[in-house]
Amino acid sequence: MATSIVLVIIFIGVLITFHEFGHLIVAKLAHIPVESFSVGFGPVILKKKIGETEYRLSIIPLGGYIKMTGEENPEEGGFSQKPLGIRIAVIAAGPFFNLVLGFVLMVTMYLIFGVKYLPPVIDPVPNSRAESIGLLTADTIVNVAGETIPSFEALERTLQAHTGKEVSLTVRRQNERLIFTYLVPESLDIEPFMAPVIDRVRSGSPAAKIGLKPGDRIISVAGINVRRWNDFVEIVRSNGGKPIPITYQRQDKIISDSITPAVEKDQMSEEKFGQIGVWVMLPRVSLSLPRALWEALRRTGYITVQTFVIIYKVVTRKISTRAIGGPIMVAKIAYEGASWGAEYFLALWALLSINLFVVNMLPIPVLDGGRIVLDLIGGIRRRRLTDKEMTWASNIGWMLIGLLIAFTIFNDLLRLIKK
């Protein structure tokens, strides 16, 4: 418990401090005087002046700040006297450092843990063409049209390239190798098959409380025999808060017990569902540094785009505003992330760091994106915004941020009350 709380503090503190560190580095490179740089808020514990900058360690470790000469008062020179491009670079450096941090965390995760993948083990859709030619659940596709198939993703990609054509499928079924002729439909009728075997158990979860362990194979739950992982998930989801019998195999032993799935709520749809805190076992492949860099770059780009898409959908009411969370929600998911283990924690840390980049680049005054927009407006007009205009923009920005903070905290509290 205490370890998880410390991890949450580090989790949030590093995200915000790294952001401010970006501003500091670029300001220093641009020879802008920096009066103070603080790790944390509140009363100062330690401080040391190096050059013109006083470096501080404050008692509340959730973030930090930087104060540059001329940032608030143009008459002081410093930041305000620098060319437009340099000012924008200093402002954008904070969010950019969060983006870089997210990327680095992902590279670290991939290098340490590798990446899971879906093997080309199939589950034909009932009454489909795939089923009619004799393909069975748990068949492994070895080859398609002469091309070796290493994963289900590769299988999908290869079949889609042959849509509307007949292809030869080489299938491994237990100790046999079989060949089928398959007319590839426009909508694939082959799904991935995942055996109901547990890979990871979240500490403190219902699964952990009854002693489920990695490698356990689920045989039945709620009186229903389980052959596929998806079947197991659906049964658990539909039995939130209800004690249900569960039978599983551990090596040569068959164990029966009772489990009560915790009731969770989807942040987007607000749908309630049951969850016991386990992951499915999938094969894992180690990644070389070049491959880890590429996968991290691809994933970082995907998360960035999807974050903008989600914000747009929330603003246009295509997604419920209840999906928006604040500091309580961040602390909650960070705490839960720590209970899943280091791999999940790193992934979550990277995700929130990239989210912080996106949020800070929104064109709202007082956020970095808003400050950039105001500087660009001043550059286009070839004169700085007046004190009155800056005050108006700042007031609007703080009002929007204040409303957003109040709204997110309200959502957080509502989740706690309704849980």
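Because the structure is predicted, anything quoted here is derived from the model rather than measured.
Other residues, nucleotides and ligands contribute more than 12 heavy atoms inside 6.0 Å of the CZ atom of Arg228. Atom CZ of Arg284 is surrounded by more than 12 heavy atoms from other residues, nucleotides or ligands within 6.0 Å. With a 6.0 Å radius and a threshold of 12 heavy atoms from other residues, nucleotides or ligands, Ile50 has its CD1 atom above the threshold. Annotation: Phe96, atom CZ; neighbour count of heavy atoms from other residues, nucleotides and ligands within 6.0 Å does not exceed 12. Within a 6.0 Å sphere centred on NZ of Lys67, other residues, nucleotides and ligands contribute 12 heavy atoms or fewer. Within a 6.0 Å radius of NZ in Lys116, more than 12 heavy atoms belonging to other residues, nucleotides or ligands are found. The environment of Tyr302 atom OH is sparse: at most 12 non-hydrogen atoms of other residues, nucleotides or ligands sit within 6.0 angstrom.
A donor-acceptor pair under 3.5 Å links the side-chain atoms of Arg87 to the main chain of Lys82, judged by distance alone. Under the 3.5 Å distance criterion, the side-chain polar atoms of Thr307 are left unmatched by any main-chain donor or acceptor of Asn355. Although no hydrogens or angles enter the test, the distance criterion places a donor-acceptor pair under 3.5 Å between the side chain of Arg129 and the main chain of Leu183. A donor-acceptor pair under 3.5 Å is absent between the side-chain atoms of Glu166 and the main chain of Ser168, judged by distance alone. A donor-acceptor pair is defined here as one N or O able to donate and one able to accept, closer than 3.5 Å; such a pair exists between the side chain of Asp189 and the backbone of Ala130. With hydrogens and angles disregarded, no donor-acceptor distance shorter than 3.5 Å links the side chain of Thr17 to the backbone of Val14. Ser353 places no side-chain N or O within donor-acceptor distance of the main-chain N or O of Leu15, the cut-off being under 3.5 Å.
Atom-to-atom distance recorded for Asn239:CG and Thr260:OG1 is 10.0 Å, nearest 0.5 angstrom. Interatomic distance, Leu24 CG to Ile66 CD1, rounded to the nearest 0.5 Å: 4.5 Å. Here the CD1-OH distance, from Ile190 to Tyr182, works out to 4.0 Å after rounding to the nearest 0.5 Å. Here CG of Leu289 is found 14.0 Å from OH of Tyr110. Values are rounded to the nearest 0.5 Å. Here the straight-line distance linking atom OG of Ser258 with atom CD1 of Ile246 works out to 9.0 Å at 0.5 Å rounding. Interatomic distance, OH of Tyr117 versus CG of Leu282, reported as 9.5 Å (0.5 Å rounding).
Using a 4.5 Å heavy-atom threshold, the side chains of Leu155 and Ile122 count as touching. The shortest side-chain heavy-atom distance between Ile259 and Ile244 falls under the 4.5 Å cut-off. Side-chain contact between Met106 and Ile303: present, with at least one pair of heavy atoms (C-beta onward) separated by less than 4.5 Å. Looking at Asp123 and Asn230, their side chains never come closer than 4.5 Å, going by heavy atoms from C-beta outward. A 4.5 Å side-chain heavy-atom check between Tyr65 and Ser36 finds at least one atom pair inside the cut-off. In this structure, the side chains of Val115 and Val285 come closer than 4.5 Å at one or more pairs of heavy atoms. Residues Glu131 and Ser128 are in side-chain contact: their nearest non-hydrogen atoms beyond the backbone lie under 4.5 Å apart. Between Leu297 and Phe103, some side-chain heavy-atom pair lies under the 4.5 Å cut-off.
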Met361/Ile372 under side-chain contact (heavy atoms from CB on, under 4.5 Å): CA gap, chis, key distance, verdict: CA-CA 9 Å; Met361 290 304 292; Ile372 290 172; 4.0 Å; yes
Steps toward side-chain contact (heavy atoms from CB on, under 4.5 Å) verdict (Val184, Lys165): CA-CA 6 Å; Val184 183; Lys165 302 175 184 176; 5.8 Å; no
side-chain contact (heavy atoms from CB on, under 4.5 Å) assessment of Asp199 paired with Val280: CA-CA 5 Å; Asp199 177 61; Val280 63; 6.0 Å; no
Worked check of side-chain contact (heavy atoms from CB on, under 4.5 Å) between Glu153 and Leu118: CA-CA 7 Å; Glu153 183 182 8; Leu118 280 170; over 6 Å; no
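For Arg371 and Asp368, the salt-bridge test passes: some basic side-chain N is under 4.0 Å from an acidic carboxylate O. A salt bridge does not link Glu147 to Arg157: none of the charged nitrogens lies less than 4.0 Å from a carboxylate oxygen. Salt bridge present: Lys28 and Glu52 bring a charged side-chain N and a carboxylate O closer than 4.0 Å. Using a 4.0 Å cut-off between charged side-chain N and carboxylate O, Arg291 and Glu295 make a salt bridge.
Among Leu212, Val226, Val197, Val221, the single residue meeting the side chain to side chain contact (heavy atoms under 4.5 Å, CB included) criterion with Tyr248 is Leu212. Checking each of Ile141, Asn143, Val144 against Thr170 for a side chain to side chain contact (heavy atoms under 4.5 Å, CB included) leaves exactly one that passes, namely Asn143.
Counting all heavy atoms, side chain and backbone alike, Ile354 lies closest to Gly102 at CG1-CA, 4.1 Å. Closest heavy-atom contact between Phe37 and Val39: CE2-CG2, 3.9 Å. What you find for Pro95 and Asn360 is that their closest heavy atoms are CG-CB, 3.8 Å. Nearest heavy-atom pair, Ala342 versus Phe113, reported as atom, atom and distance to 0.1 Å: CB-CZ, 3.8 Å. Minimum interatomic distance between Ser80 and Gly70 (heavy atoms only, all atoms of both residues): CB-O, 3.4 Å. The two residues Gly204 and Lys209 make their nearest non-hydrogen contact at O-CE, 3.4 Å.
Ring geometry for Trp349 against Phe345 counts as tilted: the plane angle lies between 30° and 60°, on a 0 to 90° scale. By the 30° and 60° cut-offs, the orientation of the rings of Phe97 relative to Phe21 is perpendicular.
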